[in-house]
A.B. asks: 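Could you have a look at this structure, given as C-alpha cells, before my questions?
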Amino acid sequence: MNSKNTKPELKIQKILKRNEIRFLKHDRSLHGTPDISIPSKKIILNIKGCFWHQHGCINSKLPKSKQIFWHEKFENIKIKDIKDLILNSNKGWITFDLWECLINNDDKIYREINRILNFPIS
C-alpha cells in the first residue's frame with residue numbers, strides 16, 4: 001500500500017508542472033508523508049486509491065472473503081488518514097483528497113486542480 005509515483009500521482013505531477021506549480025513529493029516533514037505538497041500555498045494533495053481508502057464509488061467494493069479482516073484494515077487506514085489530516089492542519093496545511101476515479105476523468109481533474117490552486121488561503 002505504500003506505493004509511490006503511481007500513475008495517478010504522475011498524472012497530477014504532470015498537471016502541476018504544466019502549470020508551473022512547484023511541489024514536493026513525499027515530504028517526510030509532514031505527517032503521513034503526503035503524495036504531493038505545495039509549500040507556497042501550504043496545500044497537501046493526497047492521491048487516494050478508491051479501493052484502499054474506500055471512497056464509496058464502484059471501485060471500492062469490499063472483498064467477499066475475509067470481510068472482518070478487510071473491514072478492520074480499511075477502518076485503520078481511515079483513522080490514520082484523519083490523524084494525519086489533523087496533525088498537518090495544526091501546522092497550517094490544508095489537505096485535499098484526489099480520488100483515483102476523479103483523476104481518471106481528464107475534464108474533472110483539471111477543474112478540480114484549478115479549484116484547489118485558486119482556493120482562498122487566509
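Side-chain atoms are counted along with the backbone in the values below, which use heavy atoms only and exclude waters and symmetry mates.
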A.B. asks: Distance check, rounded to the nearest 0.5 Å: Ser37 atom OG versus Leu30 atom CG?
C.D. replies: 5.5 Å

A.B. asks: Can you see which heavy atom on Pro39 is nearest to which on Trp93, and at what distance?
C.D. replies: CA-CH2, 3.6 Å

A.B. asks: To the nearest 0.5 Å, how far apart are CG in Leu102 and CZ in Arg111?
C.D. replies: 9.0 Å

A.B. asks: Under a 4.5 Å cut-off applied to non-hydrogen side-chain atoms, are Asp81 and Leu85 in contact?
C.D. replies: no

A.B. asks: Applying salt bridge (charged side-chain N to carboxylate O under 4.0 Å, His left out), can you list everything that pairs with Asp107, at least two apart in sequence or on another chain?
C.D. replies: none

A.B. asks: Can you give the donor-acceptor pairs under 3.5 Å from side chains of residues 14-23 to other protein atoms, not counting sequence neighbours?
C.D. replies:
{"unit_1": "Arg18", "atom_1": "NH1", "unit_2": "Tyr110", "atom_2": "OH", "d": "3.0"}
{"unit_1": "Asn19", "atom_1": "ND2", "unit_2": "Ile15", "atom_2": "O", "d": "2.9"}

A.B. asks: How long is the gap from NZ on Lys25 to CG on Leu45, to the nearest 0.5 Å?
C.D. replies: 14.0 Å

A.B. asks: Any non-hydrogen side-chain atom of Lys80 less than 4.5 Å from a side-chain atom of Asn76?
C.D. replies: no

A.B. asks: So if you build clusters from Ile, Leu, Val, Met, Phe, Trp, Tyr with side-chain heavy-atom gaps below 4.5 Å, do Ile43 and Ile109 land together?
C.D. replies: yes

A.B. asks: Taking all heavy atoms of Trp99 and all of Gly49, pick out the closest pair and write down the distance.
C.D. replies: CZ3-O, 3.9 Å

A.B. asks: Once rounded to the nearest 0.5 Å, what's the spacing between atom NZ of Lys48 and atom CG of Asp97?
C.D. replies: 3.5 Å

A.B. asks: Are the side chains of Ile44 and Phe96 in touch, meaning some heavy atoms are under 4.5 Å apart?
C.D. replies: no

A.B. asks: Hey, is NZ on Lys78 packed in by over 12 heavy atoms from elsewhere, all under 6.0 Å?
C.D. replies: yes

A.B. asks: Within a radius of less than 6.0 Å around NZ of Lys64, do more than 12 heavy atoms belonging to other residues, nucleotides or ligands occur?
C.D. replies: no

A.B. asks: Can a salt bridge be assigned to the pair Asp106 and Lys11 using a cut-off of 4.0 Å between side-chain N and carboxylate O?
C.D. replies: yes

A.B. asks: When rounded to the nearest 0.5 angstrom, what is the spacing between CD1 in Ile103 and SG in Cys50?
C.D. replies: 8.5 Å

A.B. asks: For side chain to side chain contact (heavy atoms under 4.5 Å, CB included), just list the numbers for His53 and Glu100, CA-CA rounded to whole Å, side-chain angles, deciding distance to a tenth of an Å, and then say yes or no.
C.D. replies: CA-CA 10 Å; His53 295 270; Glu100 182 179 19; over 6 Å; no

A.B. asks: Compute the ring centroids of Phe74 and Phe51, then answer whether they are less than 6.0 Å apart.
C.D. replies: yes

A.B. asks: Counting only N and O atoms by type, is there a donor-acceptor contact under 3.5 Å from the side chain of Asp35 to the main-chain atoms of Ile47?
C.D. replies: yes

A.B. asks: For Ile116, is there any backbone N or O sitting under 3.5 Å from a side-chain donor or acceptor partner on Lys41?
C.D. replies: no

A.B. asks: Examine Phe69 and Leu62 and state if one hydrophobic cluster contains both, with Ile, Leu, Val, Met, Phe, Trp and Tyr joined whenever side-chain heavy atoms are less than 4.5 Å apart.
C.D. replies: yes

A.B. asks: Can you sort out the partners of Glu112 under salt bridge (charged side-chain N to carboxylate O under 4.0 Å, His left out), two or more places apart, ordered by chain and number?
C.D. replies: Arg115

A.B. asks: Provide the closest heavy-atom pair for Gly32 versus Asp84 in the form atom of the first, atom of the second, distance.
C.D. replies: CA-OD2, 3.2 Å

A.B. asks: Roughly how far, to the nearest 0.5 Å, is the CD1 atom of Ile12 from the CG atom of Asn46?
C.D. replies: 12.0 Å

A.B. asks: Hey, does Gln54 have a side-chain heavy atom less than 4.5 Å from the side chain of Glu75?
C.D. replies: no

A.B. asks: Count I, L, V, M, F, W, Y as connected when their side-chain heavy atoms are under 4.5 Å apart, and connections chain through other members. Are Leu98 and Leu117 then in the same cluster?
C.D. replies: yes

